[in-house]
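Every value quoted in this text rests on a predicted model; they were computed, and no experiment measured them. When a ligand or atom number is given, it counts from 1 through the structure's own listing order. Scope of the values below: all heavy atoms of this structure, side chains included, with no hydrogens, waters or symmetry mates.
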Amino acid sequence: CFLATASILAQKYVPSPENLKARQEFDEARFGMFIHWGASSVLGDGEWVMNNKNIKIKDYQRLQRAFNPVDFDAKTWVGIAKNAGMKYITLITRHHDGFSNFHTQYSDWGIANTPFKRDIVKEIADECHKQGIKICFYYSLLDWYRTDYPYETGKTGKGTGRTEKSNYASYLQFMKNQLTELLTKYGEVSTIWFDGHWDQLDNDHDKTLQSKIDWKYDEIYSLIHKLQPQCLIGNNHHLLPIDGEDFQMFERDLPGENKSGLSGQEIGKLPLETCETLNGSWGYNIKDNSYKTPKELVDYLVRAAGYGANFLLNVGPMPNGEIQPEFVERLAKVGDFMKIYGSTIYGTQGGFVRPQDWGAVTEKGNKVYLHLLKQKEDKWMIKIPVAFKTAKYFKSGAPVKFQKLDNNFVVFDINPAQRDELDTVIELEK
Ligand code: JFZ
């Protein structure tokens, strides 16, 4: 009876008015830059290298002397994101190797003790605020470095040479301390992006949140919302949103497609975000040349928008502090696309039909945008269950010939000269 009362008293999260406004702004942004960068970048073998190569903590620590990104310039990075049409940056503040990319009072394992010394999180956050783009922080729940992280129950990090037993109370306090730093010393933070929950799952396909430890999300989330009520919380747990979260993310998957084979890909009611890599890696990887083409990137962005989701596109900068030219070039091409077509993507909602093989639909106010990504026929029939008065090519404004048939079917006569190799957009006016 006491327990029942206690659980009734446990408060359900009620987002503040600032938070609801921030959700709406986030839901209008549609395109952001993910940045995986830190000590692991030095090895050029991805951000999982410590775990994958079973590098012991005492050996991995040597990266602290080696990480010296002398060519790093926050202004250049933020400029690259803005030029690509991105509205926010989600930066790794601390990944699974536990290395803090910011000045922290709670650990010696971080950027402050490299030859570089500078607080790159501060420099990027300040530059984002200056250039008017939002800054978001990725923060790993999983830690391969600290002895108090419950690695005995986790799946990864076992080869890293730890001897002490975990102590979750101590680890939780550490995370709270660092999150407090991140939310009090870096100005307005738009989202906190958690990752690592899956390290403690009993069963990857169990949607009941059966984690081997109680992460105490209620305590972590309420701390964040107390420090910055507008800050949106997301968690890469591949489950339906947990109480206290403000957006739902889909790693390497479009909402509802479940192509990654991960569990829990149902769509909840919160703003959506999907993330993908520009080549095949999150962290800098010198062997990875599988760059996505501008066309593939535009397809992904438009299809995400067709689901009503943001696209968080990742770059893994080099250890010297530069973003490699192959990334910069491709992002610039997407930026050229967004300069023309941005208004058919920003601030839109998913359209009357989910993305299809031929492309996707977005809507805004009295406008419906048909994005013909793969459609090749000049006579094109589609069912459009909304009444519309006019149809024109978005780019040129030229009218599109069409004929309305029964049952909402419409046949468009596509003029080949009006096609755009990336995305032919037809604007319907309701
Ligand atoms: C995680 C990280 O491990 C990775 O390094 C990167 O930061 C990415 C964005 O997120 O990757 C995951 C997370 C979850 C699963 C797989 C990879 N999962 O649930 O199978």
(message) With a 6.0 Å cut-off on the ring centroids, do W198 and H96 count as close?
(response)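 Ring-ring flag for W198/H96: true, centres closer than 6.0 Å.
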
(request) Please confirm whether Y13 and H225 have ring centers closer than 6.0 angstrom. (result)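 Between Y13 and H225, the centre distance is under 6.0 Å.
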
(message) Under the salt bridge (charged side-chain N to carboxylate O under 4.0 Å, His left out) definition, can you give me all pairs with a residue in residues 306-329, not counting sequence neighbours?
(response) none

(message) I need the atoms of ligand 1 closer than 4.0 Å to a non-hydrogen atom of Y138, numbered in the order shown.
(response)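 Reading through ligand 1 atom by atom, the close ones are 7 (O).
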
(message) If the cut-off is 4.0 Å to any non-hydrogen atom of E47, which atoms of ligand 1 fall inside it?
(response)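 Close to E47: 4 (C), 5 (O), 6 (C).
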
(message) Heavy-atom pairs closer than 4.0 Å: do any link ligand 1 to the side chain of N236, the backbone, both, or neither?
(response)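 For N236, the contact with ligand 1 is made by the side chain alone.
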
(request) Return the option from H237, H96, H36 holding the heavy atom at the smallest distance from atom 6 (C) of ligand 1. (result) H36

(message) Looking only at the side chains, is there a donor atom on one of Y284 and H36 sitting less than 3.5 Å from an acceptor on the other?
(response)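 No, no side-chain donor-acceptor pair sits under 3.5 Å.
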
(message) Under 3.5 Å between any N/O of W198 and any N/O of ligand 1: does that happen in this structure?
(response)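 No - when backbone and side-chain N and O of W198 are compared with those of ligand 1, no distance drops under 3.5 Å.
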
(message) When you compare ligand 1 with W48, is there at least one nitrogen or oxygen pair between them that comes in under 3.5 angstrom?
(response) yes

(message) Tell me the closest heavy-atom pair linking I220 and W215, and the distance in Å.
(response) CD1-O, 3.7 Å

